[in-house]
Amino acid sequence: MQVTGSLKGRSSRLIRSVNSLAGAAMFVAPLLALVAIWAIVVPLFNVNPRVFPPVAAVGAAALDSIRDGTLFAHVGASLLRVGLGTLIGIATAVPLGIAMGVSPTVAAFLTPLFRFFSVLAGIAWIPIATLWFGYGFGAIVFVIFNAVFFVVAYNTLLGVRTIPHTLRNAAASLGAGRWALLTEVLLPGALPNIVTGIRTGLGFAWRGLIAAEMIATNVGLGYMLFVARDFYRTEVIVFGMIVIGVLWLLIDRLLLVPLERATIERWGMVRRA
């Protein structure tokens with residue numbers, strides 16, 4: 001019986017590994033196809049490098065930025081800003097979203113403000129952020145915070161509202177205090193929505209980061225693109241775009257998607273196959 005169970009466990013792990021590899025291959029295949037088309041079309045039509053660079057030129061720009069360390073400086077600065085802005089946004093949005101979900105009075109008062117400012121979240125704050133915080137770290141973190149805050153708060157509100165009132169009443173009748181109700185009912189019940197909000201908000205934050213770095217700093221991936229434009233370095237621009245896209249794919253696929261899946265599975269909405 002133990003041998004049979006062990007064989008079944010190994011077989012199951014092998015199947016999951018094969019499925020993971022197949023999924024990764026299917027995910028990468030379109031990107032490789034795009035690079036192949038790029039490598040063929042640009043030389044075939046003799047495209048001016050100032051309009052769009054060949055693959056080799058982008059590869060050379062990548063090697064140069066790695067050798068002189070500028071790539072790591074830009075990537076490190078961007079990741080630090082987006083990480084800090086996101087953490088501040090989550091830390092402030094989740095308590096407010098729970099308060100709105102629990103209290104109809106708070107929700108009625110804040111909902112018009114949320115609808116008004118949600119349109120302005122992110123890039124629209126760049127001009128005034130530079131006036132408040134100057135050109136640099138503070139202004140960019142503030143823009144990222146705005147991009148994350150409203151999305152996470154609204155998703156937290158939706159998550160709390162989806163928790164049945166019978167469940168809350170049952171917990172209260174069993175003697176759960178406010179803290180126990182918050183930590184054992186409201187927060188766990190809203191967590192799948194919160195994680196979905198974080199994933200969505202971080203996508204907005206990433207775009208806001210690049211836009212803000214083009215204006216409000218002298219280091220970062222957005223700044224790298226902006227400076228390359230002034231010198232007609234299209235190969236650096238395209239390389240920077242590739243780095244931005246790859247970084248977001250890695251964050252999304254390696255951090256956000258597993259976190260979202262694990263959260264949903266943890267609280268019983270779906271079961272792992």
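Please read all numbers here as calculations on a predicted model, not as lab measurements.
Residues Gly159 and Ala190 share a closest heavy-atom pair of C-CB, 3.7 Å. Of all heavy-atom pairs between Pro95 and Ala91, the closest is CD-O, 3.1 Å. Ile144 and Ala205 make their closest contact through CG2-CB, 3.6 Å (heavy atoms, listed as atom of the first residue, atom of the second, distance). For the pair Ala129 and Ala139, the tightest heavy-atom approach, listed with the atom from each and the gap, is O-CB, 3.7 Å. In this structure, Val219 and His74 approach most closely via the heavy-atom pair CG2-ND1, 3.7 Å. The shortest non-hydrogen separation linking Val106 to Ala99 is CB-O, 4.1 Å.
Between the side chain of Thr92 and the main chain of Ile88, a donor-acceptor pair closer than 3.5 Å is present. Ser103 contributes no side-chain N or O that, together with a main-chain N or O of Met100, makes up a donor-acceptor pair within less than 3.5 Å. Remark: side-chain polar atoms of Thr86 are paired, donor with acceptor, to backbone N or O of Val82 under 3.5 angstrom. With hydrogens and angles ignored, the 3.5 Å screen pairs no side-chain donor or acceptor of Thr156 with any backbone N or O of Ile98. When atom types are taken as modelled, the side chain of Thr200 and the backbone of Gly197 share no donor-acceptor pair closer than 3.5 angstrom. For the pair Thr130 (side chain) and Pro127 (backbone), a donor-acceptor distance under 3.5 Å is present.
Remark: Phe142 CZ is packed, more than 12 non-hydrogen atoms of other residues, nucleotides or ligands lying under 6.0 Å away.
In this structure Arg67 satisfies the side-chain hydrogen bond (donor to acceptor under 3.5 Å, both in side chains) test together with Asp64, sequence neighbours excluded. With sequence neighbours left out, Arg199 forms a salt bridge (charged side-chain N to carboxylate O under 4.0 Å, His left out) with Asp252, Glu260.
Between Ile237 and Arg233, the closest side-chain pair of non-hydrogen atoms is not below 4.5 Å. Counting heavy atoms from C-beta on, the side chains of Ile244 and Met224 never come closer than 4.5 Å. Residues Leu84 and Phe137 are in side-chain contact: their nearest non-hydrogen atoms beyond the backbone lie under 4.5 Å apart. Side-chain contact between Val152 and Val94 is present, with heavy atoms from C-beta onward closer than 4.5 Å. Side-chain atoms of Leu221 and Val75, non-hydrogen and from C-beta on, do get closer than 4.5 Å to each other. The shortest side-chain heavy-atom distance between Trp248 and Leu256 falls under the 4.5 Å cut-off. A heavy-atom distance below 4.5 Å is not found between the side chains of Val55 and Val42. In this structure, Trp206 and Ile251 have side chains that are in contact, with non-hydrogen atoms separated by less than 4.5 Å.
From Ile140, atom CD1 reaches atom CD1 of Ile215 across 9.5 Å, with rounding to the nearest 0.5 Å. Leu158 contributes atom CG, which lies 11.5 Å from atom CD1 of Ile163 (distance to the nearest 0.5 angstrom). In this structure, the separation between CD1 on Ile90 and CZ on Phe145 is 11.5 Å, given to the nearest 0.5 Å. Rounding to the nearest 0.5 Å gives a distance of 10.5 Å between OG1 of Thr105 and CG of Leu110. Note that CZ of Arg81 and CG of Leu209 are 7.0 Å apart. Values are rounded to the nearest 0.5 Å. Expressed to the nearest 0.5 Å, how far CZ of Arg207 lies from CG of Leu202 amounts to 10.5 Å.
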Would you check, one step at a time, whether the test side chain to side chain contact (heavy atoms under 4.5 Å, CB included) holds for Val141 with Phe133? CA-CA 10 Å; Val141 170; Phe133 300 99; over 6 Å; no
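Hydrophobic clustering (ILVMFWY, side-chain heavy atoms < 4.5 Å, transitive): Phe45 and Val238 are in one cluster. Clustering ILVMFWY residues whenever any of their side-chain heavy atoms sit less than 4.5 angstrom apart, transitively, puts Val195 in a cluster other than the one holding Phe204. Hydrophobic clustering (ILVMFWY, side-chain heavy atoms < 4.5 Å, transitive): Val47 and Val236 are in one cluster. Residues Val51 and Leu44 fall within the same hydrophobic cluster, defined by Ile, Leu, Val, Met, Phe, Trp and Tyr side chains chained together at heavy-atom separations under 4.5 Å. If you chain together hydrophobic residues whose side chains sit under 4.5 Å apart, Leu32 and Val35 never meet in one group.
Figure legend: cation-pi geometry between Arg229 and Phe226, with NZ or CZ positioned under 6.0 Å from the six-membered ring centre and within 45° of its axis.
Between Trp125 and Trp132, the ring planes lie tilted relative to each other; the angle falls in the 30° to 60° range. Ring geometry, Phe114 versus Phe150: the interplanar angle exceeds 60°, so the pair is classed perpendicular (tilted spans 30 to 60°).
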